[in-house]
Amino acid sequence: MILMEDIIRDGNPTLRKYAEKVAFPLNDENRQLAADMMEYLEVSQDPEQAEKYQLRAGVGLAAPQVDVSLQMAAVLVPSAVEPEDPDDQASIAEAAKTARDNPIFKEVIINPVIVSQSVQQAALTEGEGCLSVDDEHPGYVPHADRITLRYQDLDGNEHKIRLKDYPAIVCQHEIDHLHGVLFYDHINQAEPFDAEDGTLLIG
Ligand SMILES: Cc1nc(NNC(=O)[C@H](CC2CCCC2)CN(O)CO)c(F)c(N2CCN3CCOC[C@@H]3C2)n1
Ligand code: NI
């Protein structure tokens, strides 16, 4: 099971490497890694389990973050399910479970390539964080709002999908990790919350 101690932090050179392509069929080690990365996301999105294992919540995790320089990332983007009663813990936990059980996008993307992307940009209203970056880096992180993504799944099957808004942003954050790019590389240091004209603010 992946724990926070297994996640390497900014300053570790692995985070700045361009990761190697993954060979198919996956060997046992890489198949286990894929399962462990997805399990991390699932556990981290369950408030009780996240507390128990002291995990920072995540909707994505890239292999370089556990010091494996391979082009593989797990993505688990839950649907936005609002709790019936936002002040009631049980209701919050139930909503999170419903969200987890009906993800917008759940996939281990291997050897991903963004084959085309919109000129239109999008950024998360809250800015971004990263499990591998302990410092806060406030500011909009501009990404393409829409992407066409080609990747292989665990069995090596090729997929070509179109994503927009939230799942597109998550995948771009993860694919950046495979190229040695960290989210704050994209922030306009002079004016962190000055998004280019027409940038969609998501969430
Ligand atoms: C947006 C968000 N980022 C969270 N963390 N950061 C991450 O995932 C990093 C990757 C994301 C940062 C911005 C885009 C991709 C991890 N990264 O470093 C991997 O490269 C969250 F945890 C989170 N959510 C919303 C959904 N909620 C469901 C219930 O459980 C809690 C969970 C919290 N949303
Ligand atoms: Ni990250």
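Whatever order the structure lists ligands and atoms in, that order sets their numbers, starting from 1.
Distance from atom 6 (N) of ligand 1 to its nearest protein heavy atom, with residue and atom name: A57 O, 3.8 Å. Among protein heavy atoms, the minimum distance from atom 10 (C) of ligand 1 is reached at E174 OE2, 3.6 Å. Atom 26 (C) of ligand 1 has P78 CG, 3.8 Å as its closest protein atom, hydrogens excluded (heavy atom only). When hydrogens are left out, the protein atom nearest atom 24 (N) of ligand 1 is V59 CG1, 3.9 Å; that is the closest non-hydrogen contact. From the protein, the heavy atom lying nearest to atom 18 (O) of ligand 1 is L131 N, 2.8 Å. Closest to atom 29 (C) of ligand 1 among all protein heavy atoms lies Q45 O, 3.7 Å. Among all non-hydrogen protein atoms, the one lying nearest atom 17 (N) of ligand 1 is H173 NE2, 3.5 Å. Shortest contact from atom 12 (C) of ligand 1 to any protein heavy atom: G129 O, 3.4 Å.
For the side chain to side chain contact (heavy atoms under 4.5 Å, CB included) criterion with C171, the lone passing option out of L149, I161, D176 is L149.
Salt bridge status for R150 with E158: present, with a side-chain N to carboxylate O gap under 4.0 Å. We find that K97 and E48 are not joined by a salt bridge, their nearest charged nitrogen and carboxylate oxygen being 4.0 Å or further apart. At a threshold of 4.0 Å, the pair R16-D185 counts as salt-bridged, since one of the basic side-chain nitrogens sits closer than that to a carboxylate oxygen.
For ligand 1, the atoms lying closer than 4.0 Å to a non-hydrogen atom of G60 are 8 (O), 16 (C), 17 (N), 19 (C).
For A99, the heavy-atom gap to ligand 1 stays at 4.0 angstrom or more.
Counting heavy atoms under 4.0 Å from ligand 1, residue Y166 touches it through the side chain alone. With a heavy-atom cut-off of 4.0 Å, R56 does not touch ligand 1 at all. Using a 4.0 Å cut-off between heavy atoms, R100 makes no contact with ligand 1 at all. The side chain of L124, and not its backbone, has at least one atom closer than 4.0 Å to an atom of ligand 1 (non-hydrogen atoms only; side chain from C-beta on).
The stretch residues 106-138 participates, sequence neighbours left out, in these ring-ring contact (aromatic ring centres under 6.0 Å, His included) pairs: H137-F183, H137-Y184.
Here's the thing with Q65: one of its N/O atoms is less than 3.5 angstrom from an N/O atom of ligand 1.
What you find for A74 and M37 is that their closest heavy atoms are N-CE, 3.6 Å.
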Q121 and H186: CA distance, side-chain angles, deciding distance, side-chain hydrogen bond (donor to acceptor under 3.5 Å, both in side chains) verdict: CA-CA 12 Å; Q121 300 201 310; H186 299 296; over 6 Å; no
